[in-house]
2 protein chains.
Amino acid sequence: MMRNRDENKKDAILEHALKTIVQKGFDGLSMQKLAKAAGVSPATIYIYFKDRDDLLVQLFEVHMTNYFGYIMRGLDPEMDFATGLKTQWRNRADFVMKHPDVAHFMEHFTYTPLHYQVVKKIKGNATGNAMSRFVQKAIRDKQLVAMPIEVYWSVAFAPLYNLLRWNKIGNNMAGEKFKLTDEMMEQTLALVLKALKP
Amino acid sequence: MMRNRDENKKDAILEHALKTIVQKGFDGLSMQKLAKAAGVSPATIYIYFKDRDDLLVQLFEVHMTNYFGYIMRGLDPEMDFATGLKTQWRNRADFVMKHPDVAHFMEHFTYTPLHYQVVKKIKGNATGNAMSRFVQKAIRDKQLVAMPIEVYWSVAFAPLYNLLRWNKIGNNMAGEKFKLTDEMMEQTLALVLKALKP
DNA sequence: TGTAAGTGAACGAACGTTCATTTATCTTTG
DNA sequence: CAAAGATAAATGAACGTTCGTTCACTTACA
């Protein structure tokens with residue numbers, strides 16, 4: 001009776017939107033140029049998205065969902081703390097290295113007013129729950145100092161993301177050339193483990 | 001012979017630009033609305049700024065310079081490591097708490113294409129040099145494990161900024177309500193010191 | 001053949017920027 | 001020490017362009 005939607009079109013739109021935002025910023029993304037780049041009519045975009053904001057929010061949600069799935073790979077709740085943390089570091093680093101534009105976009109989006117309307121939706125998601133259980137078990141097993149989950153996350157992962165960010169930019173905080181090496185990442189993980197272990 | 005510029009106008013323009021960007025994002029900032037908000041003519045903006053990009057770059061540079069000055073307050077190169085780090089944590093936290101919009105804007109700007117043209121200018125600045133000397137002295141005095149400056153910065157400050165960011169948003173990584181307490185900050189600093197001390 | 005996907009052209013609004021003009025304040029002059 | 005003259009600050013209106021979005025219409029499939 002009715003014609004099916006061509007999901008390739010939606011994907012093409014999202015893909016080019018991501019690329020443009022990373023290269024030109026949010027104010028460099030126009031619907032008409034995006035349509036041209038994705039090879040569709042401007043009106044087609046409005047079949048798949050309510051408006052520009054909806055497109056941006058969906059773009060973020062698609063990648064966030066995908067990312068949340070990725071970082072839990074090979075993670076076993078019965079793992080000891082150090083192994084589990086190392087696995088999560090590897091997953092997060094692999095993802096960011098493989099998809100630097102996606103990582104850049106997701107972090108950039110965080111500073112956007114649109115982010116506020118997404119934040120509320122992610123409450124009670126599977127990834128957050130799994131991490132929470134992992135941390136609580138490690139504390140119970142005396143492999144991790146007792147602390148609020150936010151303190152844990154900040155000490156455990158913020159240093160990694162910072163290194164990955166500088167690596168993407170190619171400069172450190174002083175504007176000097178910077179390239180992240182495996183050795184540096186291992187050294188940083190070791191320091192983080194030293195901080196967190198009892 | 002000539003009429004002097006009214007620097008209050010420039011300040012008003014920059015101030016309202018900052019506020020708008022934080023509230024509406026970069027694509028929410030238009031020159032005509034900005035002029036109206038700052039109480040000047042659109043043409044006046046172009047006396048003080050070459051174009052929109054120049055305005056944004058100058059806005060960033062003004063606040064970055066000011067911030068770099070702020071975080072070095074009360075910092076003595078002869079301080080022992082733990083005291084020096086604690087001082088820098090207090091300075092950075094104070095600034096972000098006192099000027100949350102400025103901090104938000106500066107971090108947001110970092111993800112913008114414009115940031116690339118600023119990064120190169122900051123090479124060899126006084127703040128970077130002072131921090132470098134502080135770290136090298138601490139290593140020499142055996143108060144700090146030897147490590148690249150980027151690893152040091154990431155472990156030393158990334159957790160703090162992460163907590164401050166969540167505090168500003170009012171949510172943690174799982175979308176739950178979050179408010180940063182002094183106790184949490186002290187606990188995090190203690191963990192960081194544990195990681196960095198030999 | 002009915003229905004929704006998909007389109008190109010067009011809408012008014014808003015965009016960044018500039019132009020022609022006026023205004024304010026400085027230096028010079030008498 | 002006031003008036004004249006010079007210069008750049010400051011302006012409101014307007015420029016052409018591009019913006020997000022929609023409309024009237026065609027196309028393709030169930």
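A, B, ... follow the sequence lines: proteins, then strands. Residue 1 opens every chain.
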Visitor: Examine B:Tyr111 together with B:His115 and report whether their ring centres are nearer than 6.0 Å.
Guide: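 No, the ring centres sit 6.0 Å or more apart.
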Visitor: Can you see whether B:Arg92 engages B:Tyr161 through a side-chain donor-acceptor pair at a distance of less than 3.5 angstrom?
Guide: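 Side chains of B:Arg92 and B:Tyr161: pair found under 3.5 Å.
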Visitor: Determine whether the aromatic ring centres of B:His63 and B:Tyr67 lie less than 6.0 Å apart.
Guide: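 No; B:Tyr67 has its ring centre 6.0 Å or more from that of B:His63.
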Visitor: Can you check whether A:Asp51's main-chain N or O pairs, donor with acceptor, with A:Asp54's side chain at less than 3.5 Å?
Guide: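 Not at all, since once roles are kept as given, no pair shorter than 3.5 Å links the two residues.
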Visitor: For the ring pair B:His108 and B:Phe26, is the centre-to-centre distance below 6.0 Å?
Guide: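 Ring-ring flag for B:His108/B:Phe26: true, centres closer than 6.0 Å.
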Visitor: Which nucleotide wins on minimum distance to the side chain of A:Tyr46, given the candidates D:dA30, C:dT7, D:dG20?
Guide: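 Closest nucleotide to the A:Tyr46 side chain: D:dG20.
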Visitor: Send over the distance from A:Ile45 CD1 to D:dG20 P, rounded to a whole Å.
Guide: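 These atoms are roughly 9 Å apart.
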Visitor: Which residues in residues 24-43 of chain A have a heavy atom closer than 4.0 Å to any atom of DNA chain D?
Guide: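 Listed by number, they are A:Leu29, A:Ser30, A:Met31, A:Gln32, A:Lys33, A:Pro42, A:Ala43.
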Visitor: Of the residues in residues 47-60 of chain B, which ones touch DNA chain D at a heavy-atom distance under 4.0 Å?
Guide: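 Within residues 47-60 of chain B, the residues near DNA chain D are B:Ile47, B:Tyr48.
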Visitor: Taking only nitrogen or oxygen atoms into account, show me every contact under 3.5 Å that the protein makes with nucleotides 21-23 of chain C, one pair per line with its distance.
Guide:
| unit_1 | atom_1 | unit_2 | atom_2 | d |
| --- | --- | --- | --- | --- |
| C:dT23 | O2 | B:Arg3 | NH1 | 2.8 |

Visitor: Between the side chains of A:Asp80 and A:Thr83, does any donor sit under 3.5 Å from an acceptor?
Guide: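 Their side chains do contain a donor-acceptor pair, which is all the 3.5 Å distance test asks for.
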Visitor: Please confirm whether A:Arg73 makes a cation-pi placement over A:Tyr70, using NZ or CZ under 6.0 Å from the six-membered ring centre and within 45° of the ring normal.
Guide: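 Yes.
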Visitor: For the residue pair B:Lys10 / B:Gln58, report whether a side-chain donor-acceptor contact shorter than 3.5 Å exists.
Guide: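 A donor-acceptor contact under 3.5 Å links the two side chains.
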Visitor: Do any N or O atoms from the side chain of B:Arg165 and from the backbone of B:Leu160 form a donor-acceptor pair under 3.5 angstrom?
Guide: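 No, B:Arg165 side chain to B:Leu160 backbone: no donor-acceptor pair under 3.5 Å.
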Visitor: For a quick test of reading the model: is some side-chain N or O of A:Lys9 closer than 4.0 Å to OP1 or OP2 of C:dG6?
Guide: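 It does, given that an N or O in the side chain of A:Lys9 lies less than 4.0 Å from OP1 or OP2 of C:dG6.
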Visitor: Tell me whether A:Leu164 is reachable from B:Val119 by hopping between hydrophobic residues (I, L, V, M, F, W, Y) whose side-chain heavy atoms are closer than 4.5 Å.
Guide: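 Each belongs to a different hydrophobic cluster.
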